[in-house]
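Before I ask anything, let me first share the structure, which is written out below as structure tokens.
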Amino acid sequence: MTGGGGPAAGGRDLGAARGLLAEFPVADGHNDLPWALREQAGYDLDRLDVAADQTGRLHTDLPRLRAGGVGAQFWSVYVRADMAGDDAVSATLEQIDCVDRLLARHPAELAPALTADDMEAARAQGRIASLKGAEGGHSINNSLATLRALYALGVRYMTLTHNDSIAWADSATDGPRAGGLSPFGREVVREMNRLGMLVDLSHVAATTMRDALDTSEAPVVFSHSSSRAVCDHPRNVPDDVLERLPANGGVAMATFVPKFILPAAAEWTARADENLRAHGLHPLDTTPEAMRLHAAFEEANPRPVATVATVADHLDHMREVAGVDHVGIGGDFDGTAFTPEGLEDVAGYPNLVAELLARGWSRTDVSKLTWRNAVRVLRDAEAVARDASARRGPSTATLAALDG
């Protein structure tokens with residue numbers, strides 16, 4: 001079953017799913033298309049034109065976004081964690097420029113969005129609201145002025161870390177440096193609150209999650225993380241953190257990355273990543289050469305396959321623990337080499353919605369998952385920002401001054 005275009009499977013009603021998505025489309029928390037365009041085409045948008053079907057090269061293009069019922073997308077302006085200092089800042093600006101050029105190139109399909117009202121206006125126009133999310137605090141090079149510059153350029157969330165810990169925040173997949181959030185890290189969170197930039201806790205250590213929840217005046221998001229109770233991977237969200245989301249108002253957006261949702265896939269992916277390293281490639285590469293190596297490895301070593309039901313299992317648990325007002329979707333398409341069966345690309349969302357409806361999720365519940373929770377969390381962050389900015393001005397704190 002590919003991309004949501006096939007017949008219903010397992011008794012799922014794709015017609016009902018598509019009908020629901022026509023009214024409450026998917027607001028997806030995380031898509032790495034800009035990085036894929038950097039890696040595969042050097043940002044040459046003629047060479048890799050997303051107006052055409054790019055199946056086999058990308059998970060994302062405009063025809064499949066439409067087929068998938070996507071109504072809003074946070075485009076990740078991600079840069080790798082091994083980029084540092086001004087190099088990370090420059091690469092982030094290049095990513096932002098890529099998104100801006102995509103929006104200028106496809107104005108009938110993609111609507112620039114900075115606010116919750118912009119998201120709703122785009123939905124009313126039948127366009128895909130396009131927001132930006134920076135993935136990793138290394139993108140600001142320890143500078144609150146740089147954070148404010150990213151906000152001015154349209155960035156509406158920042159993931160506090162990526163795969164590596166930084167001086168002021170610990171990552172889920174690296175050793176601790178700050179013991180969660182350092183004093184400067186807490187100031188970063190406060191300044192994000194003042195701006196109205198969502199604090200994204202995907203990728204961060206559980207200690208960082210808890211410190212951010214202790215600090216933030218505004219709702220937080222997990223732009224692409226699933227349940228640690230269902231799959232014990234450090235990139236996922238522990239139940240004690242999910243339990244805090246109702247009081248905070250935040251939203252945890254389940255991801256589709258197999259190694260984060262299917263225990264057997266984690267070990268297999270570690271071996272596949274080692275295969276890339278042995279050929280001099282980075283584990284996060286999605287270039288044609290990397291994908292050829294992955295395909296050869298998979299032929300010799302059959303891959304454990306996650307499915308739509310695997311993702312639904314996570315969402316069932318997350319809804320049970322956090323409540324239906326605090327769950328969402330963040331697929332991480334074009335940021336992963338592997339995807340679940342039935343969620344091969346951005347056209348697959350109807351398969352997930354149909355699975356949830358078959359499991360007894362109501363239309364109201366699913367509408368919150370797909371659209372309403374994402375709009376609400378941004379609107380709530382905007383309200384906090386109006387209050388906070390009336391009480392305090394831009395922070396001039398530095399890492400050296402606060403952390404020594």
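Remember, it's a predicted structure, so these values are computed and weren't measured experimentally. Computation of the quantities below employed the complete heavy-atom set of this structure, encompassing side-chain atoms and omitting hydrogens, waters and symmetry-equivalent molecules.
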Original post:
Does a salt bridge link Arg38 with Asp44, judged by any charged N lying under 4.0 Å from a carboxylate O?
Top reply: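 Salt bridge between Arg38 and Asp44, a charged N being under 4.0 Å from a carboxylate O: no.
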Original post:
Does Arg244 come within less than 4.0 Å of Asp214, counting only side-chain N to carboxylate O?
Top reply: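 Judged by the 4.0 Å cut-off on N to carboxylate O distance, Arg244 and Asp214 do form a salt bridge.
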Subject >> Listed once per pair and sorted, the side-chain hydrogen bond (donor to acceptor under 3.5 Å, both in side chains) pairs that draw on residues 394-404, sequence neighbours left out >> reply: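 Qualifying pairs, neighbours excluded: Ser182-Asp403, Glu187-Ser395.
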Original post:
What pairs of residues pass the ring pair (Phe, Tyr, Trp, His ring centres under 6.0 Å) test when at least one of them lies in residues 45-68, not counting sequence neighbours?
Top reply: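 As it turns out, the ring pair (Phe, Tyr, Trp, His ring centres under 6.0 Å) pairs with a partner in residues 45-68, which skip direct neighbours, are His59-Phe333.
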Subject >> Partner of Tyr157 under ring pair (Phe, Tyr, Trp, His ring centres under 6.0 Å), chosen from Phe74, Tyr151, Trp75 >> reply: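 Of all the options given, the one that passes is Phe74.
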Distance-only check: which donor-acceptor pairs under 3.5 Å involve side-chain atoms of residues 317-328, not counting sequence neighbours?
from, atom 1, to, atom 2, distance (Å)
His317, NE2, Asp239, OD1, 2.9
His317, NE2, Asp239, OD2, 3.1
Arg319, NH1, Asp365, OD2, 3.0
Asp325, OD1, Lys368, NZ, 2.8
His326, ND1, Gly250, O, 2.8

Original post:
Can you list the residues that meet the side-chain contact (heavy atoms from CB on, under 4.5 Å) rule with Arg359, with sequence neighbours excluded?
Top reply: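 Residues passing side-chain contact (heavy atoms from CB on, under 4.5 Å) with Arg359: Ala309, Ala312, Asp313, Asp316, Glu355, Trp361.
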Subject >> Of all pairs that satisfy salt bridge (Lys or Arg N to Asp or Glu O under 4.0 Å), the ones with a partner from residues 217-229, not counting sequence neighbours >> reply: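 Passing the test, one end in residues 217-229: Glu217-Arg391, Glu217-Arg392, Arg228-Asp232.
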Subject >> Partners passing salt bridge (charged side-chain N to carboxylate O under 4.0 Å, His left out) against Arg47 (at least two apart in sequence or in another chain) >> reply: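 For Arg47, no residue satisfies salt bridge (charged side-chain N to carboxylate O under 4.0 Å, His left out) once neighbours in sequence are set aside.
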**OP:** Using the ring pair (Phe, Tyr, Trp, His ring centres under 6.0 Å) rule, collect all pairs that involve residues 195-225, keeping only residues at least two apart or in two chains.
**Re:**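 Listed by first then second residue: His30-His224, His162-His203, His203-His224.
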Subject >> With Pro283 via side-chain contact (heavy atoms from CB on, under 4.5 Å) - residues at least two apart >> reply: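 Once residues adjacent in sequence are excluded, the partners of Pro283 under the side-chain contact (heavy atoms from CB on, under 4.5 Å) criterion are Asp273, Arg277.
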Subject >> Pair listing, salt bridge (Lys or Arg N to Asp or Glu O under 4.0 Å) test, anchored in residues 145-167, at least two apart >> reply: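 As it turns out, the salt bridge (Lys or Arg N to Asp or Glu O under 4.0 Å) pairs with a partner in residues 145-167, which skip direct neighbours, are Arg148-Glu191.
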Subject >> Partners meeting ring-ring contact (aromatic ring centres under 6.0 Å, His included) with His314 (sequence neighbours left out) >> reply: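 By the ring-ring contact (aromatic ring centres under 6.0 Å, His included) rule, His314 matches no residue at all.
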**OP:** Report the residues that fulfil side-chain hydrogen bond (donor to acceptor under 3.5 Å, both in side chains) with Thr269, sequence neighbours left out, ordered by chain and then residue number.
**Re:**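 In terms of side-chain hydrogen bond (donor to acceptor under 3.5 Å, both in side chains), with neighbours along the sequence ignored, Thr269 is linked to no residue.
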**OP:** State which residue, out of Thr159, Asp28, Asp200, fulfils the side-chain hydrogen bond (donor to acceptor under 3.5 Å, both in side chains) condition with Ser223.
**Re:**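 Answer after filtering Thr159, Asp28, Asp200: Asp200.
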Subject >> Charged N-O contact under 4.0 Å between Lys132 and Asp100 >> reply: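 Between Asp100 and Lys132 there is a salt bridge, with a charged N closer than 4.0 Å to a carboxylate O.
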**OP:** Considering only NZ, NE, NH1 and NH2 on the basic side and carboxylate oxygens on the acidic side, decide whether Arg127 and Glu109 come within less than 4.0 Å.
**Re:**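 Here Arg127 does not pair with Glu109 in a salt bridge, since their nearest N and O are not under 4.0 Å apart.
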**OP:** Can you sort out the partners of Tyr43 under ring-ring contact (aromatic ring centres under 6.0 Å, His included), two or more places apart, ordered by chain and number?
**Re:**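 Counting only residues at least two positions away or on another chain, Tyr43 forms no ring-ring contact (aromatic ring centres under 6.0 Å, His included).
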**OP:** Return the orientation label for the Trp268 and Phe338 ring planes: parallel under 30°, perpendicular over 60°, tilted otherwise.
**Re:**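 Perpendicular.
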Subject >> Approximate separation, where rounding is to 0.5 Å, of Leu102 CG and Leu33 CG >> reply: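 Between Leu102 CG and Leu33 CG, I get 6.0 Å after rounding to 0.5 Å.
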